[in-house]
Amino acid sequence: MARIRLSRLPGDRVLVSDDDEAREIALGDLPPLVRERETSSPRWVWDDTARWYPSLLAAGVRVERCHDLRLCRRLLARAPAVDPGLLGGEETRLWDALRPVVASEPVLFGAGDAADHLRADVEDARQLAAVAASPEAARLRLLLAAESAGALAAAEMTHAGVPWSVDVHEALLVDQLGPRPPRGAPPRLLAACADDVRRLLGAPGLNPDSRPDLLAALRRAGLEATDTRASTLRRLDHPAVEPLLRYKKLAHLFHTNGWAWIDEWVRDGRFRPSYQPAGSITGRWSSNGGGALSFPAQVRPAAVADDGWVLVVADVAQLEPRVLAGMSGDRELARAARGADLYQGMVDAGAVASRQHAKLGLLGAMYGATSGESGRMVADLTRRYPQAFGLVEAAARAGERGQAVRTLLGRGCPPLGTAWDESPDAPPADLADRDRRRRAHGRFTRNFVVQGTGAEWALCWIADLRNRLWRLAGDGPLEARPHLVFFLHDEVVVHAPARVADAVTEAVTAAAASAGRLLFRELAIDFPLDVAVVRSYADAGKAGT
DNA sequence: AAATCAAGCGCC
DNA sequence: AGGGCGCTTGATTT
């Protein structure tokens with residue numbers, strides 16, 4: 001498959017190099033070039049998808065596949081199976097220093113410093129050589145392709161946006177908070193709530209947003225509170241507690257998803273959060289604008305499909321336990337995973353007394369619980385599922401010893417002591433302190449292998465899904481066809497014409513099965529989905545497992 | 001005054 | 001004495 005490398009040159013010029021030749025074109029000639037070359041399905045190679053792709057999408061051009069050099073370089077640099085020496089050379093310090101372009105603040109290209117004009121062809125050759133020399137080349141190739149496809153999907157989702165009804169959202173705000181207040185003032189119902197709190201606590205001047213003030217007022221009212229968390233407050237018996245909890249809820253709605261949020265993030269009936277692929281260390285995406293990671297239930301009613309369209313909402317039931325079964329090759333757990341409810345499958349196999357116990361045990365194993373009921377369940381289930389539980393246990397031990405761990409496809413974790421937990425000028429750690437850190441790192445590596453492989457499954461899922469959606473009936477630009485509008489860890493939302501809803505449901509399901517086969521091969525792991533075809537995101541009932 | 005930290009909440 | 005994130009405010013530091 002042809003690789004076409006795009007490098008920025010000074011003065012709005014682009015160096016286009018494929019295997020045969022290199023030539024220069026004007027930046028404005030890029031969309032027609034891509035449109036023309038897409039018929040032969042090349043892989044476009046560029047420094048950062050978020051830098052190149054939005055303007056192509058704006059010009060109505062969809063890219064089928066790419067290689068994101070920044071994302072892939074970082075992956076390879078941290079992959080235990082890659083020789084770091086092969087990643088060195090010309091301009092590599094600049095490549096290592098590249099920061100992601102933020103999709104919500106489209107800076108097309110910078111003011112012409114060196115990092116804006118890195119040679120994609122040179123870096124691409126380095127990365128290809130590093131992969132080819134790795135004993136795990138096949139898995140790494142899949143990982144790099146999935147990571148890059150994810151970057152395309154992210155840009156496309158930001159481009160399309162989640163269909164958003166400002167009317168519904170504002171009605172919801174007015175209902176709960178009262179009419180929109182003038183700038184700087186609290187809405188009426190929030191203020192009334194604060195008044196209730198002040199009156200019932202006998203604290204006329206109290207600012208309920210100030211934790212010290214609030215804590216002092218609670219103390220004066222004779223309550224023994226050490227913090228102001230909702231869970232702590234709920235345990236207190238006092239008439240002020242109810243309005244206080246209500247105040248916190250309303251204040252959160254007002255501040256994080258109120259009118260200001262609409263003004264900033266919703267335009268032309270679309271909410272366009274900005275995704276950052278591989279933004280977290282495990283390979284999960286993060287977000288740097290709009291709050292895509294916390295799409296609060298409170299405002300989901302405002303996500304409403306266009307007329308004649310629907311939202312197809314799909315999420316995987318118990319993704320990470322299934323991934324654990326697959327990566328550990330634990331056939332017993334894989335058997336329990338057959339069917340819609342893995343935890344129930346464990347009960348039916350006689351491994352555990354109840355669903356709740358099964359869940360506690362598995363989550364405890366993946367998070368490193370050592371005590372309480374969860375800790376006991378981990379011990380019990382380890383006997384029943386030695387391979388699955390042994391895998392996370394081994395990852396924890398390796399982390400504690402300072403050894404590297406990796407995901408199924410080869411993403412590496414940062415070594416002990418280079419990250420958050422050991423700043424150079426910290427006071428010398430005593431023995432107990434270092435021991436605590438080692439155990440904390442062990443819990444991190446324990447979770448890393450599962451969360452990271454789960455993220456890889458999800459990448460394969462959306463990569464396959466975006467291709468299937470593109471092949472479905474439809475023509476014209478991306479947003480006139482069924483398309484992804486939202487992705488979060490184990491959940492997708494597709495915006496689609498109502499008449500293709502069934503086909504989309506089928507595509508989402510088939511993509512999940514395909515991702516499972518891609519990662520776990522002959523060990524057939526089921527990835528059953530909860531799929532809902534709805535008008536509004538809020539109507540998609542969560543199974544809540 | 002600006003930058004950074006921490007608490008608390010939201011999501012998976 | 002359970003992992004990963006982002007966002008907002010008030011408090012603290014520079």
Side-chain angles (χ1 to χ4, degrees), chain A residues 102 104 186 207-215 225-234 244-245 247-258 260-261 264-265 273-300 315-321 323-324 359-375 377-378 392 395-396 399 405 407 411 413-414 419-420 423 435-436 439-455 458 486-492 537 542-545:
Chain A
V102 178
S104 58
N207 169 13
D209 289 323
S210 164
R211 283 179 295 271
D213 286 7
L214 182 57
L215 208 51
T226 52
D227 60 69
T228 63
R229 263 172 288 189
S231 58
T232 304
L233 298 175
R234 247 187 291 277
L244 185 50
L245 291 172
Y247 177 86
K248 278 173 167 280
K249 197 156 192 67
L250 290 180
H252 191 261
L253 174 63
F254 175 58
H255 289 306
T256 62
N257 293 103
W261 181 90
E264 185 170 1
W265 294 106
S274 137
Y275 298 92
Q276 194 184 313
S280 91
I281 202 81
T282 57
R284 275 186 173 184
W285 293 11
S286 66
S287 136
N288 42 25
L293 266 71
S294 54
F295 201 137
Q298 273 180 304
V299 298
R300 289 188 187 193
D315 71 304
V316 195
Q318 308 120 4
L319 172 61
E320 288 174 358
V323 161
L324 176 58
K359 185 176 174 180
L360 270 177
L362 267 174
L363 294 182
M366 292 187 296
Y367 290 148
T370 57
S371 64
E373 190 165 22
S374 186
M377 292 314 304
V378 173
V392 283
V405 299
T407 60
R411 189 188 301 269
C413 76
W420 64 92
S423 72
D435 204 45
R436 211 166 22 246
R439 280 200 303 273
H441 194 253
R443 282 193 302 279
F444 165 67
T445 53
R446 171 194 291 275
N447 187 254
F448 176 90
V449 293
V450 182
Q451 189 185 116
T453 306
F486 186 68
F487 165 64
L488 180 57
H489 307 327
D490 63 356
E491 176 173 7
V492 295
Y537 194 5
K542 291 289 177 300
T545 52

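Computation of the quantities below employed the complete heavy-atom set of this structure, encompassing side-chain atoms and omitting hydrogens, waters and symmetry-equivalent molecules. Below, read A as the first sequence line, B as the second, and so on, with proteins coming before strands; counting in each chain starts at 1. In this text the structure is predicted, and so the values were computed from the model without any measurement.
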Categorize A/Asp227 for me: base, sugar-phosphate, or nothing, with a 4.0 angstrom heavy-atom threshold over every strand shown. sugar-phosphate
Would you mind reading off the distance between A/Gln276 atom CD and C/dC5 atom C1', rounded to a whole angstrom? 11 Å
Could you work out which one of B/dC11, B/dC12, C/dG3 sits closest to the side chain of A/Ala297? B/dC11
Check whether any side-chain N or O of A/Thr228 sits under 4.0 Å from OP1 or OP2 of B/dG8, and answer yes or no. yes
Can you identify which nucleotide, out of C/dT8, C/dA1, B/dC9, has its nearest atom closest to the A/Arg439 side chain? C/dA1
Rounding to a whole Å, what distance do you find between A/Asn447:CG and B/dC12:P? 16 Å
Counting only side-chain N and O atoms of A/Lys249, is one of them less than 4.0 Å from OP1 or OP2 of B/dC9? no
Can you tell me how far apart CD (A/Gln451) and OG1 (A/Thr282) are? Round to the nearest 0.5 Å. 3.5 Å
I need the NZ-P distance between A/Lys248 and C/dT8, as an integer number of Å. 17 Å
Under the 3.5 angstrom rule, does the side chain of A/Thr445 hit a backbone N or O of A/Gly442 as a donor-acceptor pair? yes
Check whether any side-chain N or O of A/Arg443 sits under 4.0 Å from OP1 or OP2 of C/dG2, and answer yes or no. no
Close N or O pairs between protein and nucleotides 9-11 of chain C (under 3.5 Å):
residue: C/dT9; atom: OP1; partner: A/His255; partner atom: ND1; Å: 3.4
residue: C/dA11; atom: OP1; partner: A/Ser210; partner atom: OG; Å: 2.7

Under 4.0 angstrom, heavy atoms only, what part of the nucleic acid is A/Leu319 near: base, sugar-phosphate, or nothing? nothing
Contact class for A/Ala230 (heavy atom, under 4.0 Å): base, sugar-phosphate, or nothing? sugar-phosphate
Any chance you could measure A/Tyr367, atom OH, to A/Ser374, atom OG, to the nearest 0.5 Å? 10.5 Å
As a test of reading the structure: which of C/dG3, C/dC5, B/dC12 is closest to the side chain of A/Phe444, going by heavy atoms? C/dG3
Whole Å only: how far is the NZ atom of A/Lys359 from the C1' atom of B/dC12? 12 Å
How long is the gap from CG on A/Leu293 to OG on A/Ser287, to the nearest 0.5 Å? 5.5 Å
Short N-O contact, A/Glu320 and A/Arg284, less than 4.0 angstrom: yes
Please check the phosphate of C/dG4 (OP1 and OP2 only) for any side-chain N or O of A/Arg284 closer than 4.0 Å. no
Between P of C/dT8 and CH2 of A/Trp265, the distance in whole Å: 9 Å
Taking CZ from A/Phe448 and P from B/dC12, how many angstroms apart are they, rounded to a whole number? 23 Å
How close or far is atom C1' of B/dG10 from atom CG of A/Leu245, stated in whole angstroms? 16 Å
Donor-acceptor check, side chain of A/Thr228 to backbone of A/Leu215, threshold 3.5 angstrom: yes or no? no
Out of C/dC7, C/dG3, C/dC5, minimum distance to the side chain of A/Ser287 belongs to C/dC7
Can you tell me how far the CG atom of A/Leu214 sits from the CG atom of A/Asp209, to the nearest 0.5 Å? 9.0 Å
Can you classify the ring geometry of A/Phe487 versus A/Trp285 as parallel (below 30°), tilted (30 to 60°) or perpendicular (above 60°)? perpendicular
How long is the line joining CG of A/Leu363 and C1' of C/dG3, in whole Å? 10 Å
